[in-house]
Amino acid sequence: MGGWGGFGGVWGDGEEGVRFDSTSLAAVIRVAGELMEVRVGLGVQCMGIKSGLCGHGFVLTGLVSLYSKCGDVDTARFLFEQIERPDFVSWNAMISGYSCNGETESAVRLFRELLHSGGEANSSTIVGLLPVFSPFGHLELCRCIHGFAVKSGVDSNVSVSTALTTVYSRLNEIEFATQLFDEAPEKSLESWNAMISGYTQNGLTEMAISLFRRMQTLKVQPNPVTITSILSACAQLGAVTLGKWVHELIVRENFQSNIYVSTALIDMYAKCGSIREAQILFDTMPEKNVVSWNAMISGYGLHGLGHEALRLFDEMSKAGVSPNGVTFLAALYACSHAGLVREGEKIFQLMSDYGITRGPEHYACLVDLFGRAGKLEEALEFIKGMPVEPGPAEWGALLGACMVHKNKALAQIASDNLFKLDSESVGYHVLLSNIHSSDGNYREAAMVRQAVKKRKMSKAPGCTLIEIGETVYTFISGDRSHPQSTAIYAMLEKLMGKMREAGFQPETDMALHDVEEEEKEQMVKVHSEKLAIAFGLINTKPGTEITIIKNLRVCLDCHNWTKFMSKLTQTGMPVMKLVPTTDGSTNKATVYAGVPEKGDTGKNLGVSEWLSEALRPLKGKGRRGKGGLAQHQGTDVLHVKEAMDVAKALASLKSS
DNA sequence: CTAGGGTTAG
């Protein structure tokens, strides 16, 4: 039990006089647990053993908590059993220990034991029992616990209602969460934070922001936790104006030193297109953890700055921060999108040196690296040579690449394998359907579509966001719900006319021709990105920078359309610049507006009602990261595969 | 005194 030498200085060996008892020991253990200072905690435990105080209930309870926090529930349980007469705090500590470590069943079993032994459950017991860290698959249980809380009258307790709000949010049951929050008789800052974060992580970003505004109105002061969630919402939404306002608030309140806040700020700027701003913030960060590095590397990747991403990857190790799986994924993504095939392979090899296990996402990213660069055979060879069985992600990546490079034979191989593994995934069905129709095989394309319909599968609708002034507007394909709809379509007509005159040819290869009437109509609908761009051109002054953000990949036609427009620089036409630019992978384009239409410029449109309606299909996207539930399903993977055609589009843009 | 709710990267 060596290595807690620093401790001697505090209670120096030779210094007499200061005696400690079970109380001070328990207090120090608690602090050690909070700070995750395992060694200090263990040191205190040694002192306890030496002084014979370790048998004391308070001390043991503190240790139960400490070991639980460190993930060692077995030791915690052992210590719990040493407590002669455990009080309710001891029980709560052990129940919550199980729950925090994902051992939900054991937590429930112990809870039952507590009730059987005649013990009482108070609000803290409920809070500790709720599986907030591993809620997946436990909706029924949460409802039961909720019911128990109501019956025992503790549901009005702030901690209980906050914990319930959190757990329902993480189960994507946002209606339950909202109801609980609204009906809570008392709201703490934590309650507000739980609800805002719940909205953010379910993709209901505008709800998060509107709740934040309500908080401001009620003069509830936000703290760094609030700010972190709001920044995440801004990042998802591309709401850079609000993001900048929040940045000012951060400076005013001195929140910059909080690592969560500054990392979220970097992520927000990168995702909103201001990579330079993100970089400045990153460079001036006094302390960076692995998440900060990952955010910055991802940001570079998103902007097609592959070499910058790799430079950072190298610097990171030198700075003494070890990369993790996400770091490698971000670096591979950056290589893939910048066409750095050899570099990407090297990074992939490097993973074993760092002892990091390769997941399906890493393999798929490498398939994407080859596929995007047109090295389809190499991609197939790679899949065949994989040490683990290739899954839907890898075949999906290959299929996507085949679609872009129009390789029917390989696409067949990829899709055969894919459907064997993942016949439920909608994204791939759409991809396959498009391959068939691009080949003129409309009957097969229609059959695939039919299969999709039969299974009642649905795909997240394409949705484009644009910020004008301080409002974010949302467009879906064929949208006519906007008050300025007529002007938008007129603008599009005008642009199309000019472009055709200049020789623009729409990309129709991927369109479905021989399908049902209803679906044909679907194809005729104008994609949301064009609508958003037209809307932006109408509502901004000449020369204004407009950024659009899409939830899915920008289609080939829309990319070509934007690219073509960028060439048209004569007076009277909009001057456009593709922003991510070198790879387009961010589904983001920045447009410099030309001459706006007369009339409705700058009007306040008040479309917030239908905005939330339009975003409804995007909800329930699930909580990221925590809980270990893989979110790599159909559309997500498709989303990752995006923009393979962009590399080509940009190559031709460069050469022209 | 000992237990308990909210935060960043893919």
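Residue numbers begin at 1 in each chain, while the letters A, B, ... track the order of the sequences.
The side chain of A:V132 approaches B:dG6 more closely than any other nucleotide in the set B:dG10, B:dG4, B:dG6. When distances run from any side-chain atom of A:S159 to the nucleotides B:dA3, B:dG5, B:dG10, the shortest one goes to B:dG5. Nearest nucleotide to the side chain of A:F58, out of B:dA9, B:dG5, B:dC1: B:dC1. Taking the side chain of A:L189 as heavy atoms from C-beta on, and the options B:dA3, B:dT8, B:dG6, the nearest nucleotide is B:dG6. Of the candidate nucleotides B:dT7, B:dG4, B:dA3, B:dT7 has the atom lying nearest to any side-chain atom of A:V225. Comparing atom distances between the A:K271 side chain and each of B:dT2, B:dG5, B:dA9 picks out B:dA9 as nearest. Comparing B:dG6, B:dG10, B:dA3 by their nearest atom to the side chain of A:F88 picks out B:dA3. Closest to the side chain of A:T166, from the set B:dT8, B:dG6, B:dG4, is B:dG6. Distances from the side chain of A:S197 to the nucleotides B:dG10, B:dG6, B:dT8 place B:dG6 closest. Side-chain atoms of A:A163 lie closest to B:dG5 of the nucleotides B:dG10, B:dT2, B:dG5.
Separating the OH atom of A:Y168 from the C1' atom of B:dG6 is a distance of 18 Å, rounded to the nearest angstrom. Summarising the geometry, the separation between CD on A:Q236 and C1' on B:dT7 is reported as 14 Å, rounded to the nearest angstrom. Atom CG of A:N157 is separated from atom P of B:dG5 by 12 Å (rounded to the nearest Å). Regarding A:H303, its NE2 atom lies at a distance of 15 Å from the C1' atom of B:dA9, rounded to whole Å. Whole-Å rounding puts the A:D267 CG to B:dA9 C1' distance at 7 Å. As a whole-Å value, the separation of A:N92 CG from B:dT2 P is 14 Å. Rounded to whole angstrom, the span from the OH atom of A:Y269 across to the P atom of B:dT8 amounts to 19 Å. One atom, CG of A:N258, and another, P of B:dA9, lie 13 Å apart when rounded to the nearest Å.
The side chain of A:R170 contributes an N or O atom lying less than 4.0 Å from OP1 or OP2 of B:dG6. For B:dG4, the OP1/OP2 oxygens have a side-chain nitrogen or oxygen of A:S96 closer than 4.0 Å. Contact check, A:T263 against B:dA9: no side-chain N or O comes under 4.0 Å of OP1 or OP2. Distances shown here put every side-chain N or O of A:R85 at or beyond 4.0 Å from the OP1 or OP2 atom of B:dT2.
Residue contacts for A:V261: at a heavy-atom cut-off of 4.0 Å it reaches no nucleic acid atom on any strand shown. Counting any heavy atom pair closer than 4.0 Å across all strands shown, A:T125 reaches no nucleic acid atom. Base contact: A:V89 has a heavy atom under 4.0 Å from a base atom.
In this structure, the aromatic ring of A:Y260 is not positioned over the six-membered ring of the base of B:dT8 within 5.5 Å between centres and 30° between planes.
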Donor-acceptor contacts, no H, no angles, side chain residues 313-320 of chain A, under 3.5 Å, sequence neighbours left out:
| residue | atom | partner | partner atom | Å |
| --- | --- | --- | --- | --- |
| A:E315 | OE2 | A:R311 | NH1 | 2.7 |
| A:S317 | OG | A:Y354 | OH | 3.0 |

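Of the possible polar contacts, one joining the A:S191 side chain to the A:S188 backbone as a donor-acceptor pair under 3.5 Å is found. Not a single donor-acceptor pair under 3.5 Å links the side chain of A:S99 to the backbone N or O of A:I95.
Looking at heavy atoms from C-beta onward, A:T263 lies in side-chain contact with A:M285 at the 4.5 angstrom threshold.
Between A:R77 and A:E81 there is a salt bridge, since a side-chain N of the basic residue sits under 4.0 Å from a carboxylate O of the acidic one.
Counting non-hydrogen atoms of neighbouring residues, nucleotides and ligands closer than 6.0 angstrom, the NZ atom of A:K187 exceeds 12 such neighbours.
Classified by interplanar angle (parallel below 30°, tilted 30° to 60°, perpendicular above 60°), the ring pair A:Y168/A:F176 is tilted.
Between the base of B:dG5 and the side chain of A:S188 there is a donor-acceptor pair shorter than 3.5 Å.
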